[in-house]
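Notes for the one structure printed next.
As the structure is a prediction and not an experimental result, all values here were calculated from the model.
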Amino acid sequence: MVKVTVTPVKEIRPRLEDEFNPGEFIPRTPAIAEAYAWGRELHKGQCRLSGEPYFETHCVWVGAFLDKLIGREAWTIAGLLHDAVEDQGETLDAIRARFPGPLGEEVAYIVDGVTKISTPRDGRTREIETLRKLAQFRDPGVFLVKLADKSHNLLTLHYMPEHKRQQKALEVIRAYGKLAGILNCYRWRRWLEDLAFPYADPETYSFVKEKIDADPRLDLSFINPMMEQLGNLMEESGISGSVELTVNGYWQTWQKLRRMARARRASMDSFAAVNDLVSFRLVVDSEDETQCYALLPKVNRFLGPYLDQNRFDDYIACPQNGYRALQVTAWLPDLGAIEVAIATRDMEGENHWGVVYALQQGKDISQYRPIEIFTPSGSARFLPEGSTVLDAIASIQQEFLLDKISAVKVNGNLARLSDHIQPGDIVEVITGSNRLAPSEEWLAFSNPSTARLLRSVLVTEALKRSAEKGRQIAKQLPKERGLLALEDVQALEPTRVDNLLEQLACASLEDFYAALGSGAIRQQEVSQTLDSVGITNDTLRWTTIQMIGSARANRPGTLARLASLVSQAGGNILRSVNNTLPDGRFSLRLVVSNLSPEQCEPLYQAYIHCGVELESIEIT
């Protein structure tokens, strides 16, 4: 019998504190009870900034949360005792002696991993060195205890001085939110980042929250009927499961909008293009992934003309950091983009809770041992085993940095892009004038994620080269029309350039240059189109003057003096474009009307004898 569960949404953003509340702590084993008693004794008299007893409010929360989440005895004990060495001066050997055998060894190992370094090296901050130490352990137990520790600290951040609040909040976003992300604990990451966001950047948070809370896609009168329709679709398909809703966090939604805006796929003043602000999840009860694929065409037909053909991801065939689902996007009129995802219940468990779910289900967790690297400012990034320096660069600034590399330093020393990185490495990208040109050879030492970005960069670089070639060709074509640059026509007669681009099927002048340089548009075709849209000498009756002056001549009054010669010759300057070149020389381009061919030669001679040191003069 087919059964599909659709639970109406009553609150768009339920308080996640309830989900992250471990409740009353009751030690469930003698060893945990022993750790509780010992920790209470060690921290006796220690209080938090709130005035509450330190152990009973902080350490017990960390231990109780881990016990509820994972239920591993050693990890619960490590949570209870995670500050024993750092705050109370207890030793790791004492922990081993208190809990003899493998239990004590594991507890001591985790406590060592989360204990801050008291004397940083090389003048680096204590926090950066502590994060580097944490990275060396690469152990899920160490990672989760540290995440639980930071989680409870966030809950009491309001008791700290303002400057400390911002510092701690930024630390959580830069390092620990990313740690939760690489462990695929989506819900935990969202909770951490959205708790920290108001303290890290209050002004931006207020703007983002106001815009998102008013978004029509979060209206229950849209969400609940949509869930019902998707539920009916599952039922009609004969597939049991449930329809659920995921609402993305404020911080993650803001970051995605910024990435899309940089890639020119969205405007910064609207979240409408961010498809996973709301994600409708079709969760299949069966673990047969073919049922997910069976649902896909039905979802596509349901979305019909609103389906975005360019935004489909098959993360079942090709998982992304442990995330598995089929994802489609639709653009709904007056609403914006929405995401519909299809996954099995097992997939969805790991999609939301990653390593935690894997541990609960007794699964292999070897994929959750990432390499953690840092930028000089202390921001953390996480990469798979075997990653290279190039992979580290890609993780720092995505494709926006791959074409801007002059050199790279790892831990202060120059490194090759193909070198392998190690846990705790500090990677610094040096940008300058002598940049390394992205090459297909780099693909040989790129991980799959970097390779995808690199291929995009290589395409962009190829287009840039074609555009430069096309720009040189285009300089020759308009000369007989009194032009040296089509940009002048775009500035003075924009409709003519729009018509030119339309007839040549180009979105912009840059696209036109790239098409011309690559041979996709023939020069004869361009000439004919220039004639048809009226970019001709007979129509425009322009003369263009291009000159380059020496660095010595580049001083106040020179441009005015050169321009005055046009007026003396009877011409009228329509447009002036001037630039100072890197070596101090200057270039000047003047578009002039009312000059006959007979007047050009006397004007040329006037420039030759004007007393300004000019290296070249061209009058077209």
Q) Given N184 and V355, is the side chain to side chain contact (heavy atoms under 4.5 Å, CB included) satisfied, shown in steps? A) CA-CA 7 Å; N184 213 23; V355 67; over 6 Å; no
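- Side-chain atoms of D112 and V85, non-hydrogen and from C-beta on, never get closer than 4.5 Å to each other.
- Within the structure, salt bridge (charged side-chain N to carboxylate O under 4.0 Å, His left out) contacts touching residues 265-282 (residues at least two apart or in different chains) are K256-D276, R281-E339, R281-E348.
- In this structure, the side chains of I70 and V356 come closer than 4.5 Å at one or more pairs of heavy atoms.
- Of the possible donor and acceptor atoms, one in the side chain of N224 sits under 3.5 Å from a partner among the backbone N and O of V9.
- Using a 30° and 60° split on the angle between ring planes, F222 and F280 fall in the perpendicular class, above 60°.
- Q360 places a side-chain N or O within donor-acceptor distance of the main-chain N or O of L69, the cut-off being under 3.5 Å.
- When the side-chain contact (heavy atoms from CB on, under 4.5 Å) test is applied to I430, the partners found at least two apart in sequence or on another chain are A407, K409.
- Under 4.0 Å is where a charged nitrogen must lie from a carboxylate oxygen, and between D285 and K3 no such pair does.
- Atom CZ of R40 is surrounded by 12 or fewer heavy atoms from other residues, nucleotides or ligands within 6.0 Å.
- Here the OG-CE distance, from S267 to M260, works out to 11.0 Å after rounding to the nearest 0.5 Å.
- The side-chain heavy atoms of N153 and K168, taken from C-beta on, include no pair separated by under 4.5 Å.
- Judged by distance alone, the side chain of R381 and the main-chain N or O of A394 form no donor-acceptor pair under 3.5 Å.
- R165 and M160 get closest at one heavy-atom pair: NH1-O, 2.8 Å.
- Classification of the F271-W254 ring pair by plane angle, with boundaries at 30° and 60°, yields tilted.
- Listed here is the closest heavy atom pair of A200 and L170: CB-CD2, 3.7 Å.
- If you check the side chains of T91 and D93, you find no donor sitting under 3.5 Å from an acceptor.
- Within 6.0 Å of CZ on R416 lie no more than 12 heavy atoms contributed by other residues, nucleotides or ligands.
- When side chains are defined from C-beta on, F55 counts as touching L80, because their heavy atoms get closer than 4.5 Å.
- Contact check for L49 versus T156: no side-chain heavy atoms found under the 4.5 Å cut-off.
- Remark: the backbone N or O of T57 is paired with a side-chain donor or acceptor of H152 at under 3.5 angstrom.
- Here E350 pairs with K363 in a salt bridge; the nearest charged N to carboxylate O distance falls below 4.0 Å.
- Separating the CZ atom in R217 from the CG atom in D219 is a distance of 12.5 Å, to the nearest 0.5 Å.
- Taking CD1 of I371 as the start and CD1 of I421 as the end, the distance is 5.0 Å to the nearest 0.5 Å.
- Among all heavy-atom pairs drawn from F445 and T388, the shortest one is O-OG1, 2.8 Å.
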Q. Run the side chain to side chain contact (heavy atoms under 4.5 Å, CB included) check on L157 and L195 step by step: do they pass?
A. CA-CA 9 Å; L157 205 58; L195 275 178; over 6 Å; no
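- Across every non-hydrogen atom of Y54 and R48, the tightest pair is CD1-CG, 3.5 Å.
- One finds the CG atom of L277 at 5.0 Å from the CG atom of D215 (value rounded to the nearest 0.5 Å).
- For the ring pair (Phe, Tyr, Trp, His ring centres under 6.0 Å) test with F197, the passing option among W191, Y250, Y205 is Y205; the others fail.
- The side-chain heavy atoms of Q252 and R189, taken from C-beta on, include a pair separated by under 4.5 Å.
- With hydrogens and angles disregarded, no donor-acceptor distance shorter than 3.5 Å links the side chain of D313 to the backbone of Y315.
- Residues satisfying the side-chain contact (heavy atoms from CB on, under 4.5 Å) criterion with A84, sequence neighbours excluded, are L42, L81, E90.
- Salt bridge status for R98 with E34: present, with a side-chain N to carboxylate O gap under 4.0 Å.
- Between E171 and K150 a salt bridge is recorded (basic side-chain N to carboxylate O distance below 4.0 Å).
- Under the 30°/60° scheme for interplanar angles, the aromatic rings of F382 and F143 are found to stand perpendicular.
- By the neighbour-count criterion of 12 heavy atoms within 6.0 Å, atom CD of E210 is sparsely surrounded, having that number or fewer from other residues, nucleotides or ligands.
- A distance of 7.0 Å separates CG in N447 from CG in L383, rounded to the nearest 0.5 Å.
- Of the possible donor and acceptor atoms, none in the side chain of D425 sits under 3.5 Å from a partner among the backbone N and O of N411.
- More than 12 heavy atoms of other residues, nucleotides or ligands sit less than 6.0 Å from atom CZ of R28.
- Taking OG of S387 as the start and CD of Q422 as the end, the distance is 10.5 Å to the nearest 0.5 Å.
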Q.
With side chain to side chain contact (heavy atoms under 4.5 Å, CB included) as the criterion, how do I173 and Y199 come out once you've worked through the C-alpha distance, each side chain's angles and the decisive distance to 0.1 Å?
A. CA-CA 11 Å; I173 288 173; Y199 298 106; over 6 Å; no
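- Other residues, nucleotides and ligands place more than 12 heavy atoms under 6.0 Å from the CD atom of Q361.
- Using a 4.5 Å heavy-atom threshold, the side chains of W353 and L359 count as separate.
- Using a 3.5 Å distance cut-off with no hydrogens or angles, the side chains of S242 and R345 do pair a donor with an acceptor.
- The shortest distance between side-chain heavy atoms of L147 and L144 falls below 4.5 Å.
- The backbone N or O of T329 lies less than 3.5 Å from no partner atom in the side chain of N275, so there is not a single donor-acceptor pair.
- Between W61 and P22, the shortest heavy-atom distance links the atoms NE1-CD, 3.3 Å.
- A perpendicular orientation is assigned to the rings of W188 and F65, their planes being inclined by more than 60° (bins at 30° and 60°).
- No side-chain donor-acceptor contact under 3.5 Å links E193 to the backbone of G249.
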**Q.** side-chain hydrogen bond (donor to acceptor under 3.5 Å, both in side chains) assessment of R324 paired with T344
**A.** CA-CA 9 Å; R324 292 178 296 162; T344 68; 5.6 Å; no
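- Remark: the N351 side chain and the Y357 side chain contain no N/O donor-acceptor pair separated by less than 3.5 Å.
- Salt-bridge annotation for R96 and E105: present, with a side-chain N of the basic residue lying under 4.0 Å from a carboxylate O of the acidic one.
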Q) Passes side chain to side chain contact (heavy atoms under 4.5 Å, CB included), T76 versus F25? Steps please. A) CA-CA 11 Å; T76 300; F25 180 62; 4.3 Å; yes
